[in-house]
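Input: a single structure, listed below in structure tokens.
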Amino acid sequence: MTTLLYDGSFDGLFTAVFEVFEYRYKEVEIKGRERFHQENIFAEIHEVITQTDKSERVLNKLEQHIGKQGIHKLLKVFLSEDPDLENLILSAVRQSIKHPEANILENFADADILKISKICKSVDRERHRMTAFVRFEKMQDGVFFSKIDPDFNVLPLIRKHFKNRYQDQQWMIYDLRRNYGLLYDLETCEFFYPDEKLDLKHYQQKFHDEEKSYQVLWQRYFTKTNIAERKNMKLHIQHVPKRYWKYLTEKW
């Protein structure tokens, strides 16, 4: 068994996929360096250096077989952070090369393809909920700030939605679990990677006065309009699961 170690990036993964075929490895697995723990001291380790030209060659070839939508599905698998994501993607690539005449991502009789489909549905569900439940809070510097903690790494998938929807204000979305975020400054919408986790312990002290007043008013409005006799907590939780309540002002 040969283990290919890559840097954890999307391009790094597809560089590794390229080298599986370049070196004609048969018994092989791909692992991100940060998640790799060597159990077999006799296993062969292949260190992958990310090369965008190799990555692009694989992606361009794949697009011919499974289309842009297929590439987007594999991106969702990558962002799912599933422990076996690398080998699922490698399996899809191998099947695509073996059966170039068919869209192999529709072959649900295959266990790997079926798992890819299930992962995509879960990631799509989390992406939708992030666009629905994210709440921004106005800070003293005028930037609207939102903190999220999604089950999957969906920040790249919601970037376009928020960029299009909030074009007239500066905003920041920060992923607590993965320690990175999105920053929109009215011109560009870029990812940022702080050296240390943002200090959120006292972040409410940095609220704009308008934000504090707004939150109080909204909580009062929610209480006043909530009709106790019509309360259906089971249905409410079905539409708004409890793990998303931390994003909602009316639940604080």
#### Entry: side-chain contact (heavy atoms from CB on, under 4.5 Å) against Phe108, all qualifying residues, sequence neighbours excluded
Ile113, Leu114, Ser117
#### Entry: Any residue meeting side-chain contact (heavy atoms from CB on, under 4.5 Å) with Arg33, in chain and number order, not counting sequence neighbours
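Checked Arg33 against side-chain contact (heavy atoms from CB on, under 4.5 Å); matches are Leu5, Asp7, Glu47.
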### Query
According to the salt bridge (Lys or Arg N to Asp or Glu O under 4.0 Å) rule, which pairs have a member within residues 84-99, sequence neighbours left out?
Arg35-Glu86
### Query
Do any pairs count as a salt bridge (Lys or Arg N to Asp or Glu O under 4.0 Å) and have a residue in residues 105-118, sequence neighbours left out, and if so which ones?
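Passing the test, one end in residues 105-118: Asp82-Lys115.
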### Task
Taking side-chain hydrogen bond (donor to acceptor under 3.5 Å, both in side chains) as the test, write out the residues that go with Thr2, two or more places apart.
Glu44
### Summary
Applied to residues 45-71, the ring-ring contact (aromatic ring centres under 6.0 Å, His included) test, sequence neighbours excluded, yields Tyr23-His46, Tyr25-His46
### Query
Any donor-acceptor pair under 3.5 Å linking the side chain of Glu126 with the backbone of Asp151?
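Judged by distance alone, yes, a pair lies under 3.5 Å.
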### Task
Look at the side chain of Ser146 and the backbone N and O of Arg135, then say whether any donor-acceptor pair between them is shorter than 3.5 Å.
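Confirmed, Ser146 side chain pairs with Arg135 backbone.
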Quick one: side chains of residues 158-165, donor-acceptor pairs under 3.5 Å with protein atoms, not counting sequence neighbours, listed by atom name and distance.
from, atom 1, to, atom 2, distance (Å)
Arg159, NE, Cys189, O, 3.2
Arg159, NH2, Cys189, O, 2.4
Asn164, ND2, Lys160, O, 3.3

Going by the rule salt bridge (charged side-chain N to carboxylate O under 4.0 Å, His left out), which residues pair with [X] if we only count those two or more places apart in sequence or in a different chain?
X      : result
Lys54  : Glu19, Glu22
Asp175 : Arg178
Glu56  : none
Asp11  : none

### Message
Test of understanding: clusters of I, L, V, M, F, W, Y form through side-chain heavy atoms closer than 4.5 Å, transitively. Do Ile49 and Phe14 belong to the same one?
### Response
no
### Message
To the nearest 0.5 Å, what is the distance between CD1 on Ile116 and CD1 on Ile89?
### Response
7.0 Å
Let me check something: any side-chain donor-acceptor pairs from residues 67-77 under 3.5 Å, sequence neighbours excluded? List them with distances.
from, atom 1, to, atom 2, distance (Å)
Lys76, NZ, Asp124, OD1, 2.8
Lys76, NZ, Asp124, OD2, 3.1

